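Owing to the predicted nature of the structure, the values given are computational and were not obtained by experimental measurement. Position 1 is the first residue of the sequence, and the numbers go up from there.
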Amino acid sequence: MVGVVPLAYLTDVYECVASPKLFVLHLCIALACLGWLLQTRRGRNLRLVSTPLLLPALCWVGVGLLSAPSTAHPLDTFSELTNQAALLVLFFVVANTLTLEYLKPVLWASAGAGLTVALIGILQYHGLAFLDIPSAALPSATFGNRNFAAEYLVCAIPLSGLLFLTARRRAALLVSGLSTTLMGIFLVYTRTRAAWVGLAGALLCTGGLLTVWPGLRRPVMEALRSALDRDRRRLALGFLALFIALSALPPRRSAEVMVRKGLPFLRETKADVASTAASFLQKDVGMGYRLAAWSATLRMVADRPLLGVGPGGWARVYPAYDGGATTRTEMSMNNPHNDYLWIASEYGLIGLGVYLWMLTAAFRCLLNTVRRPEPFSRLSGLMMALSLLAMLGTAFFGFPKDQPHAAMFSYLIFGVAASATQRERDKENPSIPSSPARAYRGTAARTVLFLLLIVSLTAVDLSRRRLAFDHRLLVALSWGMPPTNWNAVLDAVERALAYGTFRPRILYVKGVALKNLRRPAEAEEALRKALVYAPHAWYLHAGLSSVCLGQGRLQDALAHARTALSLCPDATEVRKGLGVIYYQLKDADRAEEEFQAVLRAQPEDAGAYLNLGNLRAARNQPDSAMACYRQALSLNPKMPRVHFALGNAAYALGRYQEALSAYRNFLALAGDDTTYVPFARERIIRIEAEAKK
């Protein structure tokens, strides 16, 4: 699992990283559960461990079920709860099957995967290779975004460091040390400040605790001294020198190569390590978005403090509290970039309390592991605590709980800590239950095991359906590129919906396709159905405004356009539509205000100049209208409607040759736009007839 999930990605699905990784994670959990079942002869000789983590884990699922009725989108909630249940299955399997003595293979798998993704990320950073792996922000290796990669690295680096501290053969030392070093370099290259703060905070907290707690410092320092022999110290110094040397290298080729390939790259304000470090002291746009999202999320929590808005419900409810502060046409926030606020908003303060209780129980188990006499146990407890603390620190500014490659580490560590604690108790207090009690416990254990298997298989099936849905959604979106085959788009949408409405945006795509196929009633039905799932999605209100405008229902179109702009103030296409609505309502002043507002935001918007020209032509200002049309053509000379409007304005002014040229340009570009073709041809014939006279 830890060796496969980080490497999983696909190129032909909408969410090409998260969906494949989630499917692989759930599949690995199901296989582990099945292996556990077979290992125990179908549960006949099964004995479940008793751990302080058991009760909070069960309460965590219980709170999720209690808060589920509050959700706006049942499938979102079911998906979230199923994923959380699958992660708890991982915890149960690890707690009952994986002891510290058998932890080494897991560490090797993690180090191998970490080494692989670190090499990929480093080569991406320098523009040398792997630039075609799907990514929203390089370098990201196989994680789709540099921030997601960093969330994985802060969890994996301490575990790779544990392997370096405990490996015995020189080859193992070299591989584990190289893995740890290269992952550290890749973490620097990601320029993800949240992950830097998370890892640094974990180290400071651990160091501070060891300083003030002599009873803890003594066993840890003894284990470290025994592990760091002369050969290992020399290798550590060499790896440190390599880390310092490579971390300071700038991405000399990456920006050039990425621009040439049309790929995204890091902003110049964070182009190197020094500028990223300096950005901690500067006013940052990203932090401004976070603060706005945190403030809105706190208002959500205040309105529903006990059980929240339901698992998976934040993205559906948040826009109503945001007021357009963070929503943009090119992006929208799917979470508050703070896992604790996210949990409080979806599961309520009760859920947040249970989550913190579970973390407290986990750290108590890790503390008991550190206190054991074996050096490997002490180092394991220390490094697993570092990994968990680093993830929890990153969670203040990010969302590792939502990333399969990061979330799996938490529950893996929970399980290992629970297993180590229980086996220590068994050594201290061995007990042999009576035959009736043993039979009762065996039956209960078998029931639990089969239930866990059913849960894990359900998670596999659900993530498989999501993966298939994402593939069909990508097909639908690709068909939407010009030249558009709207029937093919509609077919892809229907195929996607056969797997479930995992993303309400699919219904928006369906509505757009139906509108363009001149089936407005069905388009409106699809968009209104999407509003049930995402009632505060600005683009759905924008789509409904366009459909209502096409049907001549101006007041309905006006209401939806205003709602869309209240949710996303920078939606210039909506503002242009609003100007058209005002124009048709005979409110020319407001219409011009909207068109001018569009041009202030986007001075190179040819469509806005076309609309403004039409408005001025209707006001009997042909000269001013022609100026707008010419400006539109200077920005986009291949807009047929602009040529047609220019011909009309020139004809009204008696400039017949200019009108003739404009109409001919319109006919050359009209293509499928046959609405005004007969009128343009009639004008051309009339002008040519007048010229012959």
Side-chain angles (χ1 to χ4, degrees), residues 14 329-330 332 469 472-498 501-568 571-585 591 594-595 598 605-608 610-611 614 639-642 644 669-677:
Y14 176 72
T329 54
E330 70 278 5
S332 59
F469 173 91
R472 295 296 178 183
L473 175 58
L474 186 65
V475 171
L477 294 175
S478 63
W479 275 112
M481 303 295 180
T484 305
N485 184 337
W486 290 111
N487 283 308
V489 171
L490 194 59
D491 179 67
V493 166
E494 295 296 347
R495 289 174 181 268
L497 289 172
T501 313
F502 285 96
R503 303 182 196 277
R505 185 175 288 271
I506 190 73
L507 294 172
Y508 171 74
V509 177
K510 182 178 181 179
V512 172
L514 290 167
K515 176 179 176 291
N516 283 280
L517 290 170
R518 292 179 171 81
R519 295 157 62 179
E522 294 174 76
E524 183 174 358
E525 181 185 357
L527 293 169
R528 290 196 180 280
K529 184 177 179 181
L531 273 180
V532 174
Y533 298 136
H536 308 295
W538 71 270
Y539 56 88
L540 295 178
H541 288 284
L544 281 167
S545 177
S546 178
V547 170
C548 292
L549 178 60
Q551 294 176 311
R553 295 157 49 196
L554 298 181
Q555 292 300 328
D556 290 340
L558 180 63
H560 283 296
R562 285 174 171 170
T563 301
L565 284 175
S566 70
L567 295 167
C568 183
T572 54
E573 289 299 321
V574 178
R575 201 169 287 281
K576 279 194 288 186
L578 186 59
V580 173
I581 294 168
Y582 282 132
Y583 172 72
Q584 294 192 14
L585 287 170
E594 295 300 332
F595 296 144
V598 172
D605 192 321
L610 170 62
N611 290 333
N614 290 339
M639 290 181 68
R641 293 290 180 93
V642 182
F644 179 78
L669 295 169
D672 295 333
D673 185 5
T674 59
T675 307
Y676 301 106
V677 168

Trainee: Could you go through residues 556-568 and list every donor-acceptor pair under 3.5 Å that involves a side-chain atom there, pairing it with any protein atom two or more places apart or in another chain?
Mentor:
from: Asp556; atom 1: OD2; to: Arg553; atom 2: NE; distance (Å): 3.2
from: Asp556; atom 1: OD2; to: Arg553; atom 2: NH2; distance (Å): 3.2
from: His560; atom 1: ND1; to: His541; atom 2: ND1; distance (Å): 3.2
from: Arg562; atom 1: NH2; to: Tyr582; atom 2: OH; distance (Å): 3.1
from: Thr563; atom 1: OG1; to: Ala559; atom 2: O; distance (Å): 3.0
from: Ser566; atom 1: OG; to: Thr563; atom 2: O; distance (Å): 2.6

Trainee: Of the non-hydrogen atoms in Met639 and Ala606, which two are nearest, and what is the gap between them?
Mentor: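 Taking Met639 first and Ala606 second, the nearest heavy atoms are SD-CB, 3.5 Å.
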
Trainee: With salt bridge (Lys or Arg N to Asp or Glu O under 4.0 Å) as the rule and sequence neighbours excluded, what pairs involving residues 527-546 come up?
Mentor: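 Only Glu524-Arg528 qualify under salt bridge (Lys or Arg N to Asp or Glu O under 4.0 Å).
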
Trainee: Testing Leu578, Val574, Val580, Ile581 for side chain to side chain contact (heavy atoms under 4.5 Å, CB included) with Glu594, which one passes?
Mentor: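 Going through the options one by one, the only one that passes is Leu578.
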
Trainee: List in chain and number order the residues that pass side chain to side chain contact (heavy atoms under 4.5 Å, CB included) with Ala523, two or more places apart in sequence or in another chain; answer none if no residue qualifies.
Mentor: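 Residues passing side chain to side chain contact (heavy atoms under 4.5 Å, CB included) with Ala523: Leu514, Lys515, Val547.
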
Trainee: Which residues pass the side chain to side chain donor-acceptor pair (under 3.5 Å) test with Lys510, not counting sequence neighbours?
Mentor: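 Lys510 satisfies side chain to side chain donor-acceptor pair (under 3.5 Å) with Glu494 only.
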
Trainee: Do you know which two heavy atoms are closest between Ala476 and Val509, and how far apart they sit?
Mentor: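 Closest approach of Ala476 to Val509: CB-CG1, 4.4 Å.
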
Trainee: Roughly how far, to the nearest 0.5 Å, is the CG atom of Leu610 from the CG atom of Asn614?
Mentor: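 Reported to 0.5 Å precision, the distance equals 4.5 Å.
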
Trainee: Give the minimum heavy-atom separation between Lys576 and Phe595, together with the two atoms involved.
Mentor: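 Shortest heavy-atom separation between Lys576 and Phe595 comes out as O-CE2, 3.5 Å.
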
Trainee: Test of understanding: with side chain to side chain donor-acceptor pair (under 3.5 Å), list the residues that count as partners of Glu522, not counting sequence neighbours.
Mentor: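 Side chain to side chain donor-acceptor pair (under 3.5 Å) list for Glu522, sorted by chain: Arg519.
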
Trainee: Given Tyr14, which of Ile506, Val475, Leu473 fulfils the side chain to side chain contact (heavy atoms under 4.5 Å, CB included) condition?
Mentor: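 Answer after filtering Ile506, Val475, Leu473: Leu473.
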
Trainee: Tell me which pairs pass ring-ring contact (aromatic ring centres under 6.0 Å, His included) where either residue lies in residues 511-534, with sequence neighbours left out.
Mentor: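 Every ring-ring contact (aromatic ring centres under 6.0 Å, His included) pair that includes a residue of residues 511-534, provided the two are not neighbours, is His73-Tyr533.
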
Trainee: Applying salt bridge (Lys or Arg N to Asp or Glu O under 4.0 Å), which residue pairs with at least one partner in residues 533-548 are found, sequence neighbours left out?
Mentor: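 Qualifying pairs: none.
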
Trainee: Among all residues two or more places apart in sequence or in another chain, which pass the ring-ring contact (aromatic ring centres under 6.0 Å, His included) test with Phe502?
Mentor: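 Expected list: Phe469.
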
Trainee: At their closest point, which heavy atom of Ala534 faces which heavy atom of Leu540, and how far apart are they?
Mentor: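 That would be O-CD1, 3.6 Å.
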
Trainee: Can you list the residues that meet the side chain to side chain donor-acceptor pair (under 3.5 Å) rule with Asn611, with sequence neighbours excluded?
Mentor: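 Asn611 satisfies side chain to side chain donor-acceptor pair (under 3.5 Å) with no other residue.
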
Trainee: What heavy-atom pair brings Ala526 and Leu507 nearest, and what distance separates the two atoms?
Mentor: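 It is O-CB, 3.7 Å.
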
Trainee: Test of understanding: with side chain to side chain contact (heavy atoms under 4.5 Å, CB included), list the residues that count as partners of Val512, not counting sequence neighbours.
Mentor: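 Here the qualifying residues are Trp486, Tyr508, Asn516.
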
Trainee: Tell me, please, which residues at least two apart from Arg503 pass side chain to side chain donor-acceptor pair (under 3.5 Å).
Mentor: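 Checked Arg503 against side chain to side chain donor-acceptor pair (under 3.5 Å); matches are Glu15, Asp470.
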
